[in-house]
Amino acid sequence: MIELVNVRKVFNAGNPSEFSALNSVNLTIAQNRVTVLKGPSGSGKTTLLSVIGCMSRPSAGRVHLNGREITSLPERFLTDIRRKTFGFIFQQPNLIKGISVLENVMLPAYPLGEKRSQLKKKAMQGLADLNIAGKSASKVEWLSGGEAQRASIVRALINDPAIIIADEPTAHLDTTLSYRFMEIIEKFKAEGKTVIITSHDPLVYEAAIVDRVVNLRDGRIEGGTA
Amino acid sequence: MILHPTVIANLLASCIVSFMVLYASYYGVQILRHWDIRSGDELQLILERKTYLISTLLTFVFGLQLLSLFLYIFTADVLCPLFVGAMCAAGTLNVNEFGYPTLVLKIINFILAGIWLVLNYADNQGYDYPLIKIKYLLLVFIAPFIVLETALASAYFLNMEADVITSCCGSLFSAEETAAGLGSEIAALPARTMLWIFYLAMACSLAAGIYFYLKGKGGYLYALVSLLVFGIALVSIVSFISLYIYELPTHHCPFCIIMEEYDYIGYLLYILLFGAVVAGIGIGALLPFRHVPSLQNVLGGFIRRLALASVVLYAAFTALVTYEIISSNLIM
């Protein structure tokens with residue numbers, strides 16, 4: 001379970017350009033559920049997602065992960081949690097050009113020191129599950145949009161994270177690929193993973209597998225605590 | 001003032017260390033007053049970010065402080081040809097009344113900075129900043145010593161006059177009855193008795209250290225013994241170790257041993273000695289916190305590594321001294 005208590009995030013604090021992206025956000029996200037953070041551009045969805053995923057620290061407030069307070073953790077502990085607990089799927093696939101799909105997928109697991117043969121086997125299995133095993137040796141610049149998206153999903157899963165975080169995952173996908181993406185999310189849910197998605201795409205937040213939609217506006221949750 | 005690169009380096013190092021320690025102490029006081037890990041207040045989160053930055057910076061700053069002791073000795077050694085009567089660093093340090101007090105403070109600050117680094121390393125092993133108040137309390141305690149050292153070092157270097165006739169190490173560390181001063185009093189100690197005291201003290205220290213390393217008992221005792229042995233070793237260098245290195249029964253200077261003529265052996269001896277005492281005292285500084293929940297799985301191993309480091313460094317120091325005695329042409 002993820003619990004946010006009075007989370008604030010202010011950019012450029014103290015400067016004339018100070019901007020408060022999140023204001024006193026109180027939110028509880030249950031395990032093994034698909035939660036969608038919905039709201040217009042600038043509502044704070046991505047900022048909230050980055051705070052939940054330990055990619056940025058709040059300016060005030062605390063985040064608890066399975067009862068453990070994580071915002072105060074020194075960076076090296078936070079890195080460990082980020083690496084093992086969260087899998088990130090970004091709006092753009094953000095694959096590294098010049099190396100193969102397989103190498104891209106295995107990259108996040110390198111710091112953990114797993115044996116390369118085992119890692120390769122796991123990565124190939126992940127690629128096979130999403131029907132792109134045949135592209136494993138291809139360079140990422142040769143992939144189509146949908147294939148690149150699936151490769152980035154396999155990369156997010158390589159460390160077997162309990163929580164999948166997806167930021168506007170369907171923004172660059174057509175309708176067919178968006179449906180395909182939601183099928184993959186359904187599979188994650190069936191495997192017991194927690195999924196948090198930011199989106200203002202009705203195809204996402206109106207999907208049957210979504211358990212909960214949290215509406216954000218101007219850095220606040222509509223209706224107060226959620 | 002004598003404009004020499006080493007003098008400028010010393011003054012710069014002192015000023016940087018003082019400035020950074022004062023800056024860190026300002027936040028240290030805020031941490032001591034306002035730190036509350038259970039709070040999600042903006043101030044608490046700012047302090048969490050600040051301490052990460054400050055402790056990283058202080059690691060380098062105190063690293064510089066450790067090096068500055070050897071830089072200071074090196075500078076005094078390099079400048080000795082400029083002063084009439086000075087044959088080594090001992091004479092240079094005597095050109096005005098600030099030289100030796102600065103050296104004493106540098107030794108004290110070396111040990112204090114070393115202990116702070118040990119505490120900081122241990123604190124960084126815990127996920128909940130378990131030693132944060134202790135280490136910033138120590139920092140606030142260290143800060144006046146560092147500032148005083150900078151003031152004394154500045155007074156020493158800025159008041160250096162090239163036309164001063166100073167004393168040579170032969171008179172400052174003379175065993176003759178007419179000589180006065182702490183150096184001469186130590187030099188006058190019976191060399192053979194000091195040799196036995198030295199080896200006895202080292203044997204006790206190594207036994208206590210190995211016992212603590214193997215059994216995990218007697219850590220405080222070893223910390224105390226390592227400090228005592230450090231003092232005995234410093235006295236021994238003046239009393240008899242120097243005699244064997246110089247192969248002269250009357251030359252007790254603890255500074256000539258850092259010169260090229262003696263293969264810079266003094267630097268190695270002092271590095272081993274200072275490393276050993278910091279690691280030894282570090283054990284005593286950490287033992288009260290070995291049951292802190294976030295540290296109990298890691299602190300035991302770190303303390304054992306410190307004990308091993310201290311024992312190995314003292315053993316290496318003793319072995320080096322023994323080698324110098326055996327290979328010396330001096331027979332006492």
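What you are looking at is a predicted structure, and each value in this text was computed from that prediction instead of being measured.
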Side-chain donor-acceptor contacts of residues 139-153 of chain B below 3.5 Å, not counting sequence neighbours, with atom names and distances?
residue: B:Glu149; atom: OE1; partner: B:Gln65; partner atom: NE2; Å: 2.8
residue: B:Glu149; atom: OE1; partner: B:Asn109; partner atom: ND2; Å: 2.7
residue: B:Glu149; atom: OE2; partner: B:Lys106; partner atom: NZ; Å: 2.6
residue: B:Thr150; atom: OG1; partner: B:Ser14; partner atom: O; Å: 3.2
residue: B:Thr150; atom: OG1; partner: B:Ser18; partner atom: OG; Å: 2.4
residue: B:Thr150; atom: OG1; partner: B:Ile146; partner atom: O; Å: 3.1

* B:Phe74 atom CZ, neighbour heavy-atom count above 12 within 6.0 Å -> no

Name every donor-acceptor pair, under 3.5 Å, that has one atom in a side chain of residues 213-225 of chain B and the other anywhere in the protein, sequence neighbours excluded.
residue: B:Tyr222; atom: OH; partner: B:Ser310; partner atom: OG; Å: 2.6

* Asked: Which word best sums up how the rings of B:Trp116 and B:Phe62 line up, parallel for under 30°, tilted for 30 to 60°, or perpendicular for over 60°?
  -> tilted

* **salt bridge (charged side-chain N to carboxylate O under 4.0 Å, His left out) pairs, two or more places apart, involving residues 280-300 of chain B** => none

* To do: Give, for atom CG of B:Leu206 and atom OG of B:Ser226, the distance between the pair rounded to the nearest 0.5 Å.
  => 11.0 Å

Taking 3.5 Å as the threshold, show me the donor-acceptor pairs across chain B and chain A, one per line with distances to 0.1 Å.
residue: B:Ile37; atom: O; partner: A:Arg62; partner atom: NH2; Å: 3.0
residue: B:Ser39; atom: O; partner: A:Arg62; partner atom: NE; Å: 3.0
residue: B:Ser39; atom: O; partner: A:Arg62; partner atom: NH2; Å: 2.7
residue: B:Gly40; atom: O; partner: A:Gly61; partner atom: N; Å: 2.7
residue: B:Glu42; atom: OE1; partner: A:Arg8; partner atom: NH1; Å: 3.0
residue: B:Glu48; atom: OE1; partner: A:Arg62; partner atom: NH1; Å: 3.2
residue: B:Glu48; atom: OE2; partner: A:Arg62; partner atom: NH1; Å: 3.2
residue: B:Glu48; atom: OE2; partner: A:Arg62; partner atom: NH2; Å: 2.6
residue: B:Arg49; atom: NH1; partner: A:Pro58; partner atom: O; Å: 3.3
residue: B:Asn124; atom: O; partner: A:Arg76; partner atom: NE; Å: 3.2
residue: B:Asn124; atom: O; partner: A:Arg76; partner atom: NH2; Å: 2.9
residue: B:Gln125; atom: OE1; partner: A:Arg76; partner atom: NH2; Å: 3.3
residue: B:Tyr129; atom: OH; partner: A:Ser72; partner atom: O; Å: 2.7

